[in-house]
Number of protein chains: 2
Amino acid sequence: MLDPVRLRVLVAVARTGSLTAAAKELHYAQPSVSHHLARLEAETGAKLLQRVGRGVRLTDAGQLLADRAAEILGRLDSAAAELEALTQLRAGRVRLAAFPSALGTFVPEAGVRLAEAYPGVELHITEAEPPEALAMIRAGEADVAVVFGYGPGEDPDVRIRHLFDDPGHLVYLDGPTLTDHRDGQWIAGCERCRRHLLDVCAKEGFTPNITFTTDDYVAVQAMVAAGLGAALLPSLALRAHRDPRVRTAELPGSVRHVYAATYGAPPDPPATQALLEALAKPLA
Amino acid sequence: MLDPVRLRVLVAVARTGSLTAAAKELHYAQPSVSHHLARLEAETGAKLLQRVGRGVRLTDAGQLLADRAAEILGRLDSAAAELEALTQLRAGRVRLAAFPSALGTFVPEAGVRLAEAYPGVELHITEAEPPEALAMIRAGEADVAVVFGYGPGEDPDVRIRHLFDDPGHLVYLDGPTLTDHRDGQWIAGCERCRRHLLDVCAKEGFTPNITFTTDDYVAVQAMVAAGLGAALLPSLALRAHRDPRVRTAELPGSVRHVYAATYGAPPDPPATQALLEALAKPLA
DNA sequence: CCGCATTACGTCTTTCGTAACGATG
DNA sequence: CATCGTTACGAAAGACGTAATGCGG
């Protein structure tokens with residue numbers, strides 16, 4: 001049987017004229033698109049694509065299938081929409097727990113996307129650092145948690161999936177590299193970033209002298225601006241708030257992985273799926 | 001996205017009114033059908049079925065989705081058919097190697113099914129015992145081999161899948177159980193069945209006295225009829241040829257697994273797929 | 001060389017089967 | 001108690017990513 005996933009890939013390639021562009025549109029890696037098409041050709045026994053310099057062109061057979069596929073996929077989607085309407089599925093509630101700089105950056109964007117796509121879904125947002133957010137998930141007090149510092153496999157009942165990577169930045173007044181501050185004072189951005197800071201500095205062969213500690217990334221920047229030391233902040237924190245008096249430099253080896261966590265076996269309830277979808281999209 | 005496999009299951013259930021019947025129609029195990037429907041309900045968030053005594057009934061939502069699904073699946077199938085027509089895919093050649101009693105029983109049935117569904121496909125048939133048949137597969141001299149005595153994992157390049165189980169039968173003039181013949185003479189049905197015979201008799205605590213050996217199941221039955229001893233034959237051999245003078249009794253613990261083998265990585269070429277499909281159907 | 005596509009390979013998820021259990025007439 | 005459906009679990013296949021390898025302009 002024709003696989004609609006492969007058909008969606010074919011349609012995307014037909015529209016864009018390139019595997020790379022299709023991959024971007026579908027949030028796939030390039031090789032995945034290539035593989036899908038190769039399999040589709042093998043399964044159907046028909047040559048669907050023809051390489052032409054850079055990019056590819058659809059053969060007649062490929063164009064025919066792409067046309068039929070576009071209609072079929074449309075009907076599939078509209079059947080899903082009809083079912084949703086019948087069961088009022090676009091209504092519902094999702095409770096999200098997320099850490100502060102997420103709330104200051106991509107969570108509002110995701111909220112907008114969610115409201116556009118699922119107008120009936122209520123979104124409840126709670127601020128919580130990762131350990132508390134996961135506790136809320138386990139306790140059933142939240143449906144989705146946006147966290148960092150925890151990966152898949154923490155708990156068999158909690159499903160954790162990767163959202164994106166958040167590079168670390170050095171925040172300073174003078175001296176754009178870590179070693180410029182090896183003998184200076186440091187402000188630990190937050191409890192969890194402290195661990196991260198220690199690791200990064202250890203790689204450079206020194207232990208930072210941490211003289212101030214606060215979870216508040218606004219305060220951290222104010223302290224740096226006041227000359228109290230340097231700090232390490234994730235890029236999300238800088239996107240949420242940027243003190244004009246400080247300077248920043250990305251630290252190549254330093255990334256924080258941001259994840260979305262849910263509770264229970266797949267599949268997630270539809271409202272939860274909708275929120276996860278909205279959270280994943282800003283990655284594009 | 002709605003998964004067409006699940007939709008096909010839903011449609012089958014809608015038609016038959018029962019999970020068990022749908023499973024039979026789709027060649028699935030019962031629990032697989034149950035699981036597909038459970039997942040479909042969870043993914044869509046809609047109750048689609050309602051248990052009513054024995055059997056199930058579709059809810060309004062389930063009926064709606066089943067109706068839409070039937071149309072979508074029809075279009076999927078017809079897109080595939082259109083593509084096949086365009087690329088003349090229903091033409092082609094498949095070379096089958098199979099052991100004798102298979103040729104005398106279900107292979108002709110499969111040939112008929114193949115000719116009905118794919119009129120343009122030429123089927124070439126060769127008689128070969130399993131080792132030779134597999135050698136032909138590896139040498140590229142056959143596309144599909146019907147074998148027994150070999151299972152999946154024999155060779156990484158040869159894909160072997162289960163077709164059905166073929167129960168063993170005791171062939172005799174007098175004495176319908178194995179132990180009736182513990183001190184009598186035996187005719188080994190064929191080289192490979194000899195191993196099988198030894199195993200079965202060992203379980204009963206004796207070693208059969210094998211006085212005649214032949215691969216030919218017609219000859220075996222003639223010898224039994226002549227009073228030369230008892231024999232063990234697979235049911236396929238008895239279906240292919242039944243000597244009216246002998247009596248037979250199924251041996252509960254004795255089954256021969258029949259497999260289809262192909263060469264190379266999946267997916268198989270369309271003509272090969274078509275033959276495999278035709279071979280699998282008689283199972284129903 | 002650079003961009004686009006393919007191949008190779010590893011991890012995680014899903015599917016489907018068998019077996020055991022539960023419910024219903 | 002017989003039958004239909006569900007739950008539990010294990011084995012095989014598939015999807016998708018990263019890394020490494022063609023290949024055309």
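Residue numbering restarts at 1 for every chain, and letters A, B, ... go by the order of the sequence lines. Predicted model, so just to flag it, every value in this text is computed and none were measured.
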Gap between atoms CZ and P, on A/Arg39 and C/dT7 respectively (whole Å): 13 Å

Restricting to side chain to side chain contact (heavy atoms under 4.5 Å, CB included), what partner residues turn up for A/Glu116, sequence neighbours left out? A/Val112

Students should find this one: the first and last nucleotides of DNA chain D, 5' to 3', lying under 4.0 Å from a heavy atom of chain A. What are they? D/dA15 to D/dG25

How about B/Phe99 and B/Phe148: are their ring centroids closer than 6.0 Å? yes

Report the distance from atom CG of A/Leu49 to atom P of C/dA5, rounded to the nearest whole Å. 10 Å

The criterion is side chain to side chain donor-acceptor pair (under 3.5 Å); which residues satisfy it with B/Asp199, sequence neighbours excluded? B/Arg195

Does the distance from a Lys or Arg side-chain N to an Asp or Glu carboxylate O, for B/Glu277 and B/Arg113, drop under 4.0 Å? no

Set of residues satisfying side chain to side chain donor-acceptor pair (under 3.5 Å) with respect to B/Arg75, sequence neighbours excluded: A/Glu71, B/Glu71

Atom pair distance, as rounded to whole Å: CG in B/Leu40 and C1' in C/dT15: 15 Å

Under the side chain to side chain contact (heavy atoms under 4.5 Å, CB included) test, residues paired with B/Arg68 that sit two or more places apart: A/Ala79, A/Glu82, B/Leu64

DNA chain D nearest-nucleotide lookup for B/Pro266 and B/Gly17: closer to the 5′ end is B/Gly17

Sequence-distant partners of A/Gln30, side chain to side chain contact (heavy atoms under 4.5 Å, CB included), two or more places apart: A/Thr20

Close N/O contacts between protein and nucleotides 11-13 of chain C (under 3.5 Å):
none

A/Glu250: what forms a side chain to side chain donor-acceptor pair (under 3.5 Å) with it, not counting sequence neighbours? none

Footprint string (nucleotides 17-25 of chain C, 5' to 3'): B base within contact, S backbone only, - free, heavy atoms under 4.0 Å: BBB----SS

Side chain to side chain donor-acceptor pair (under 3.5 Å) partners for A/Asp77, two or more places apart: A/Arg8

Between C1' on C/dT14 and CD on B/Glu43, what's the gap in Å once rounded to a whole number? 11 Å

Any pair counted as salt bridge (charged side-chain N to carboxylate O under 4.0 Å, His left out), so long as it reaches residues 140-152 of chain A, sequence neighbours left out: A/Arg95-A/Asp143

Could you tell me which non-hydrogen atom of B/Asp3 sits nearest to which non-hydrogen atom of B/Val5, and how far apart they are? OD1-N, 2.8 Å

Pick base, sugar-phosphate or nothing for A/Arg6, based on heavy-atom distances below 4.0 Å to the nucleic acid. sugar-phosphate

Minimum heavy-atom distance between A/Arg51 and A/Val56, given as atom pair plus value: CA-CG1, 4.2 Å

How far does the helix from C/dC1-D/dG25 to C/dG25-D/dC1 bend, going by the axes of its first and last five pairs, to the nearest 10°? 30°

Check the angle between the aromatic planes of B/Tyr259 and B/His162 and answer parallel, tilted or perpendicular using the 30° and 60° thresholds. perpendicular

